[in-house]
Amino acid sequence: MKAPVSAQEMKEIEKTAASRGISYLTMMENAGIAAAEEIIKEYKPEGKIVIIAVGKGNNGGDGYVVARLLQAAGAMVMIIMAEGLPVTDSAKINFDRCLQCGIEVVQYEPQTSDPFFQGADFIVDAVYGAGFHGSFREPAASAIRAINASDAKKIALDLPSGLNADTGECAPDAVQADTTVTFARLKKGQTTAEGLQLCGKLVLKDIGLE
Ligand SMILES: NC(=O)C1=CN([C@@H]2O[C@H](COP(=O)(O)OP(=O)(O)OC[C@H]3O[C@@H](n4cnc5c(N)ncnc54)[C@H](OP(=O)(O)O)[C@@H]3O)[C@@H](O)[C@H]2O)[C@H](O)CC1
Ligand SMILES: [K+]
């Protein structure tokens, strides 16, 4: 198996792939397809309630792709934005695609959103991935507490939100995942005992970068 990488090393691998003609949008689509395949195989979400919690970066972008694919697979999907609208180009495109598919996308608001987290069969954690640093700030902090408080099975994309990709340091209240689907390479933070524990079952998926 290839060596685990830091967030910066992952960015370099993505940059090299981009220079070979794989667009960032394709990388995001491949990541979403890989995660959705694993969720469908492992959890059979057809007819189940799936809440996708998204951040504003590319991890959130992966979440928008997963939302579209799980809806196509027959799940009842709703997206909750924990940090507002997407800010990266690829995430914005996938946000628009979700709207075009008629997927409900709402802003996290504790009173209305927490019951959705409580009633979900599955929660996909796409709030933060390799770009996370520091500690949680509101409103994401409350959304992440609600995710952890839910009995739903939790699937994290790339890393559980709150796990530092480089150091394995875990923010207080970091998402405790049942399964983490990580893309292209393991991240260094997933090799520490605490980081690995937070990931639950860790699944590495090739997304065609190397
Ligand atoms: N590995 C691959 O080949 C691919 C990975 N993809 C996915 O992209 C993410 C990494 O995306 P990135 O946009 O770099 O980072 P994140 O989405 O994890 O988060 C970045 C945003 O979150 C903000 N942030 C970070 N920490 C905090 C915090 N403590 N509080 C509030 N906000 C925070 C950050 O803002 P800053 O300006 O403060 O840095 C960003 O806005 C990777 O994990 C994969 O899931 C791609 O899909 C392509 C293929
Ligand atoms: K995540």
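Just so you know, these numbers use all the heavy atoms, side chains as well, and skip hydrogens, waters and symmetry mates. These figures come from a predicted structure and were not determined experimentally. Order of appearance sets the numbers: ligands from 1, and atoms from 1 within every ligand.
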Does ligand 1 come near enough to Ala130 that some N or O of the ligand is less than 3.5 Å from an N or O of the residue?
yes

Less than 3.5 Å between some nitrogen or oxygen of Val87 and one of ligand 1, yes or no?
no

In sequence, state the C-alpha distance, the side-chain angles, and the governing distance for Glu138 and Ser142, and then conclude on side-chain hydrogen bond (donor to acceptor under 3.5 Å, both in side chains).
CA-CA 6 Å; Glu138 294 297 348; Ser142 294; 2.7 Å; yes

So between Asp158, Asp62, Asn58, whose heavy atom ends up nearest atom 47 (O) of ligand 1?
Asp62

Heavy-atom proximity to atom 22 (O) of ligand 1, picking from Tyr24, Tyr128, Phe132, points to Tyr128

In this structure, does ligand 1 have an atom that sits under 4.0 Å from one of the heavy atoms of Ile207?
yes

Could you see which bit of [X] sits under 4.0 Å from ligand 1, with heavy atoms only: side chain, backbone, both or neither?
X	answer
Met10	side chain
Leu157	neither
Lys11	side chain

Would you please say whether a donor-acceptor pair under 3.5 Å links the side chains of Glu29 and Thr26?
no

Kindly report the O-the K ion (ligand 2)-OD1 angle for Tyr128 and Asn59 respectively, rounded to 10°.
70°

Does atom 37 (O) of ligand 1 have a protein heavy-atom neighbour under 4.0 Å away?
no

Given salt bridge (charged side-chain N to carboxylate O under 4.0 Å, His left out), test Glu83 with Arg137 step by step and report yes or no.
CA-CA 10 Å; Glu83 282 213 306; Arg137 300 191 290 261; 5.5 Å; no

So which N/O/S atom does Asp125 have closest to the K ion (ligand 2)?
O

So, 3.4 Å as the limit: is an N/O/S atom of Pro160 located closer than that to the K ion (ligand 2)?
no

